[in-house]
Protein chains: 2
Amino acid sequence: MPRLRSTKPRSATTPGTDTEGIDISFLRTQVGYNARRAALHIIGIFMERMAAYELKVVEFSVLSLLAHNPGLTSRHVCAALSIMPPNLVGLVTALEKRGLLERRPHPSDGRAMGLYLTPDGEALTTEAEQAVAQLEVDATANLTASERKTLIRLLQKVYD
Amino acid sequence: MPRLRSTKPRSATTPGTDTEGIDISFLRTQVGYNARRAALHIIGIFMERMAAYELKVVEFSVLSLLAHNPGLTSRHVCAALSIMPPNLVGLVTALEKRGLLERRPHPSDGRAMGLYLTPDGEALTTEAEQAVAQLEVDATANLTASERKTLIRLLQKVYD
DNA sequence: TATTGTTATACTCTATAACTATA
DNA sequence: TATAGTTATAGAGTATAACAATA
């Protein structure tokens, strides 16, 4: 299989700032590279807009997960979001201090704590989810509704 | 707009380990969430397989970029791969110490250094690119060739 | 004055080991 | 013996400020 590889060194006169003329043909044919670039693009816009709610990506994910699954334990949240248990502790503590969720002892398992949104947490999450839904549409404005649906389906086929 | 949100708390008897039965319907409708999950899935397999070449994702990206664009300056590489200049320094130094690339003074700009793969670097990159291409196909085995092509096209529409 | 490459540094994110209390 | 939550800590990744050499 022949390698497509330019032999001519790049213009010796203009180092320049732009990305124009740089050959990234190999990386562009890889799903991983493109998925990462697309994810970072959307996450960048997420961070800009969600700063108003003082929510990072993982914090929003936890809140949204608990909004739809009240009483989930830390272990459940970790499994669903691929978070290491030690890293969830500080996160939950911070959200608890902000009055957005609370830990309640599990009724039948003395080791476990159920996580529940407070009314404030519910309200904020409702707003935040709407903001995220809008932000996602804006961040993927180059896609038609149909393309967006197809993209999500194909991405899920990759990791499911 | 009604919120779909379960009101019934989760089973009080089985905290469990699995992810079964957890409702992640909201997150699953977001492109950003799915793109990140898919990227992490592929990157995980990348790290496993490319450990044989002692190459991390960013290191491979730099090598592949230089293979197709000999003489690129640090500034170019940073712009093309969204790396902060201070973070590229150690990376290039390490690859140089491994004998995979070398810095040559730019012929017309005394500040700049052109980056070039050594013959060893070229050889390793050729092997690594083949390994990555295979790994990508394996990591996206649930997709047909046509779906894979569509996925890449849609991802590029998002961030281009 | 602006830019390239660099150093030093700080901040964030993620990962590992070990402890406690319960099961 | 195993598991849930936690603590402390280490490591990787990413970001900013400032400097020397050159444009």
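By convention in this document, chain letters (A, B, ...) are assigned in the order of the sequence lines, proteins followed by strands, and residues within each chain are numbered from 1. Please read all numbers here as calculations on a predicted model, not as lab measurements.
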- prompt: What pairs with Arg104(B) under side-chain contact (heavy atoms from CB on, under 4.5 Å), at least two apart in sequence or on another chain?
  reply: Glu102(B), Tyr116(B)
Grab the [atom1]-[atom2] distance between [X] and [N] for me, whole Å please.
X: Met113(B); N: dT22(D); atom1: CE; atom2: P; result: 12 Å
X: Arg111(A); N: dT22(C); atom1: CZ; atom2: P; result: 10 Å
X: Arg104(B); N: dG5(C); atom1: CZ; atom2: P; result: 15 Å
X: Asp109(A); N: dT3(D); atom1: CG; atom2: P; result: 12 Å
X: His106(A); N: dA23(C); atom1: NE2; atom2: P; result: 11 Å
X: Glu96(B); N: dG5(C); atom1: CD; atom2: P; result: 13 Å
X: Leu115(B); N: dT4(C); atom1: CG; atom2: P; result: 13 Å
X: Met47(B); N: dG11(D); atom1: CE; atom2: P; result: 17 Å

- request: Compare all side-chain heavy atoms of Glu54(B) with those of Glu59(B) and state whether any distance is below 4.5 angstrom.
  value: no
field: Note, Arg103(B) side chain near Thr93(B) side chain (heavy atom, < 4.5 Å)
entry: yes
- prompt: Which residues in residues 80-90 of chain B have at least one heavy atom lying under 4.0 Å from any atom of DNA chain C?
  reply: Pro85(B), Pro86(B), Val89(B)
query: So does Arg49(A) pair up with Asp138(A), basic N to acidic O under 4.0 Å?
result: yes
Would you say [X]'s side chain and [Y]'s backbone share a donor-acceptor pair under 3.5 angstrom?
X: Thr73(B); Y: Gly114(B); answer: no
X: Asn69(B); Y: Leu65(B); answer: yes
X: His76(B); Y: Ile22(A); answer: no

message: Once rounded to the nearest 0.5 Å, what's the spacing between atom CZ of Arg28(A) and atom CG of Asn34(A)?
response: 6.5 Å
List the atom pairs, donor and acceptor, that lie under 3.5 Å between side-chain atoms in residues 145-152 of chain A and the rest of the protein, sequence neighbours left out.
from      : atom 1 : to        : atom 2 : distance (Å)
Glu147(A) : OE1    : Thr144(A) : N      : 2.9
Glu147(A) : OE1    : Lys157(B) : NZ     : 3.1
Glu147(A) : OE2    : Lys157(B) : NZ     : 3.0
Arg148(A) : NE     : Thr140(A) : OG1    : 3.3
Arg148(A) : NH2    : Glu136(A) : OE1    : 3.2
Thr150(A) : OG1    : Ser146(A) : O      : 3.1

- prompt: When the nearest nucleotide of DNA chain D is assigned to Thr93(A) and to Arg36(A) on a heavy-atom basis, which residue is associated with the more 5' position?
  reply: Thr93(A)
- line: Comparing nearest nucleotides in DNA chain D, the 5'-proximal residue of the pair Gly114(A), Gly110(B) is Gly114(A)
query: With a 3.5 Å cut-off and just heavy-atom distances, do the side chain of Arg75(B) and the base of dT4(C) make a donor-acceptor pair?
result: no
message: Restricting to ring pair (Phe, Tyr, Trp, His ring centres under 6.0 Å), what partner residues turn up for Phe60(A), sequence neighbours left out?
response: Phe46(A), Phe26(B)
Set out, line by line, the N/O atom pairs under 3.5 Å between protein and nucleotides 10-12 of chain C.
none

- request: Tell me, with the steps shown, if Asp120(B) and Thr118(B) meet side chain to side chain donor-acceptor pair (under 3.5 Å).
  value: CA-CA 5 Å; Asp120(B) 279 4; Thr118(B) 63; 5.4 Å; no
- prompt: For the helix from dT1(C)-dA23(D) to dA23(C)-dT1(D), what angle lies between the axis at the first five pairs and the axis at the last five pairs, to 10 degrees?
  reply: 0°
